[in-house]
Amino acid sequence: MPTLQQRYQRDGFLLFPDFVDAAAISSVRQRAQEIVTAFTPQDHPSIFSTDRQKHAVDAYFMASANDVRCFFEEHAFDAEGRLTREKALAINKIGHALHHLDPVFEAFSRTGALAEIATAIGLQQPQIWQSMYIFKQPGIGGEVGWHQDATFFDSEPITVTTFWFALEDASLENGCLWLEPGGHRGPLRERFVRHGDSAQLEKLDATPWPDQQHAIPLEVKAGTLVVFHGLLPHYSAPNRSPHSRHAYTLHVVDGASRYSARNWIQRDTAPRGFV
Ligand code: FE2
């Protein structure tokens with residue numbers, strides 16, 4: 001019987017069904033709704049309007065590294081730039097320092113159980129660099145194309161590990177995760193590099209993304225934790241169903257590796273771990 005670490009090294013991911021209980025799920029879901037309710041897009045006309053200004057959009061995104069900010073689904077607006085649905089059903093995600101700035105999310109993100117998993121898969125000094133609440137809204141939940149999370153969290157050596165929590169059942173119908181088992185043994189294809197006040201994708205390697213035959217859909221129940229390697233290719237389809245697919249993610253880098261100064265997320269003080 002392979003150990004957790006052996007399975008992780010072989011497959012590049014691990015599933016933990018029933019990892020989060022219903023009370024913890026409902027606490028973060030409720031808190032996310034409060035954050036969305038308090039969000040006033042009209043305060044940011046140069047970002048959320050028809051005459052979006054690239055500089056303002058970039059600045060809003062880059063500053064979210066150390067803040068709690070809402071982002072809309074791409075298809076939430078009509079041709080005139082008006083929201084086509086209520087705000088609560090139009091938000092794509094909240095990011096990217098929920099774990100650090102919001103007490104409800106911090107309690108969810110820093111637990112002994114997560115620290116144990118991190119140790120079991122070989123992370124020596126797990127440090128949480130980023131958190132996201134993803135809504136994958138009914139009808140308009142956007143596709144997230146094939147990528148590797150190490151693209152956004154480069155380090156030497158690469159240690160970024162994603163902790164992905166299903167807050168609702170995820171199915172083929174509402175845009176569950178797809179991943180390529182064992183694909184973490186392939187190269188890093190792209191790097192998202194910061195250039196002053198913005199960041200851009202750089203192509204590193206021409207290895208193609210997996211086709212349907214080499215990828216598997218992760219249909220998981222609410223409460224499931226998926227842990228996956230930063231080099232593991234993954235994807236999620238658009239959500240055209242009437243059901244949302246809420247999830248929460250943490251990106252963790254080992255403090256024993258050298259975090260790149262060119263990553264878009266930088267912090268003034270060293271990020272903390274799970275405890
Ligand atoms: Fe990802």
Side-chain angles (χ1 to χ4, degrees), residues 25 28-102 104-105 108 129-147 149 151-152 162 164-168 170 173-177 192 194 197-201 234-251 264-265:
I25 290 176
V28 288
R29 288 193 61 169
Q30 189 183 336
R31 184 67 195 126
Q33 289 308 328
E34 289 167 7
I35 292 168
V36 169
T37 300
F39 169 56
T40 49
Q42 58 274 25
D43 292 347
H44 309 278
S46 58
I47 300 158
F48 305 114
S49 68
T50 38
D51 54 337
R52 288 155 55 100
Q53 294 162 24
K54 185 182 181 304
H55 176 76
V57 172
D58 285 347
Y60 183 84
F61 171 73
M62 296 301 275
S64 73
N66 292 290
D67 201 358
V68 172
R69 297 191 172 195
C70 294
F71 297 84
F72 283 106
E73 294 280 5
E74 200 181 329
H75 299 295
F77 300 92
D78 64 16
E80 276 75 49
R82 290 179 299 238
L83 269 185
T84 55
R85 61 204 67 224
E86 60 172 303
K87 184 178 62 176
L89 291 174
I91 301 291
N92 167 275
K93 67 178 175 184
I94 309 171
H96 291 94
L98 286 158
H99 66 287
H100 184 54
L101 297 173
D102 187 280
V104 174
F105 281 98
F108 187 97
W129 278 87
Q130 187 213 49
S131 45
M132 281 191 290
Y133 190 104
I134 300 158
F135 290 86
K136 203 79 159 176
Q137 298 283 4
I140 55 164
E143 174 184 36
V144 179
W146 282 102
H147 68 282
D149 288 346
T151 290
F152 305 94
T162 303
W164 188 100
F165 305 85
L167 303 176
E168 293 185 290
E173 194 201 7
N174 68 356
C176 66
L177 271 182
F192 192 63
R194 182 178 197 126
D197 297 335
S198 65
Q200 273 153 9
L201 267 188
H234 57 287
Y235 155 85
S236 73
N239 181 9
R240 299 289 175 246
S241 83
H243 309 292
S244 56
R245 197 225 66 192
H246 291 197
Y248 178 64
T249 67
L250 295 171
H251 288 100
W264 80 278
I265 292 185

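Position 1 is the first residue of the sequence; numbering continues from there. Computed over heavy atoms, backbone and side chain alike; hydrogens, waters and symmetry mates excluded.
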Output the distance between atom [atom1] ([X]) and atom [atom2] ([Y]), rounded to the nearest 0.5 Å.
X: Met62; Y: Asp58; atom1: CE; atom2: CG; value: 7.5 Å
X: Phe77; Y: Arg82; atom1: CZ; atom2: CZ; value: 12.0 Å
X: Leu98; Y: Gln130; atom1: CG; atom2: CD; value: 9.5 Å

*Heavy-atom count around Glu34 CD within 6.0 Å, excluding the residue itself: above 12?*
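Result for CD/Glu34: enclosed.
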*Atom CG of Asp43: over 12 foreign heavy atoms under 6.0 Å*: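 For Asp43, atom CG is crowded (more than 12 foreign heavy atoms under 6.0 Å).
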Does any part of the side chain of [Y], heavy atoms only, come nearer than 4.5 Å to the side chain of [X], both counted from C-beta?
X: Phe48; Y: Gln42; value: no
X: Phe165; Y: Ile25; value: no
X: Phe135; Y: Val36; value: yes
X: Tyr235; Y: Leu177; value: no
X: Glu74; Y: Asn92; value: no
X: Ile140; Y: Arg85; value: yes
X: Ile91; Y: Phe72; value: yes
X: Ile134; Y: Arg245; value: yes

Main-chain N/O of [Y] paired with [X] side-chain donor or acceptor, under 3.5 Å:
X: Glu168; Y: His246; result: yes
X: Asn174; Y: Ser244; result: yes
X: Thr84; Y: Ala76; result: yes
X: Asn239; Y: His243; result: yes
X: Ser131; Y: His99; result: yes
X: His75; Y: Glu73; result: no
X: Arg240; Y: Gly139; result: yes
X: Gln33; Y: Ala88; result: no

Which pair of heavy atoms, one from [X] and one from [Y], lies closest together, and at what distance?
X: Glu80; Y: Asp78; value: N-OD1, 2.9 Å
X: Leu101; Y: Asp67; value: CD1-CA, 3.6 Å
X: Lys136; Y: Gly175; value: CE-O, 3.5 Å
X: Met132; Y: Tyr248; value: O-CD1, 3.1 Å
X: Val104; Y: Asp102; value: N-OD1, 3.0 Å
X: Tyr60; Y: Cys70; value: OH-O, 2.9 Å

*Pick from Lys93, Arg69, His96: which one makes a side chain to side chain donor-acceptor pair (under 3.5 Å) with Ser64?*
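Testing each of Lys93, Arg69, His96 against Ser64, the sole residue satisfying side chain to side chain donor-acceptor pair (under 3.5 Å) is His96.
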*Answer yes or no on whether Arg31 is positioned over the face of Phe105, meaning its NZ or CZ is under 6.0 Å from the six-membered ring centre and within 45° of the axis.*
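Judged by the rule, Arg31 and Phe105 form no cation-pi pair.
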*asked:* Among Trp129, Phe152, Phe61, exactly one meets ring-ring contact (aromatic ring centres under 6.0 Å, His included) together with Trp264. Which residue is that?
replied: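 With Trp264 as partner, Trp129, Phe152, Phe61 yield a single ring-ring contact (aromatic ring centres under 6.0 Å, His included), made by Phe61.
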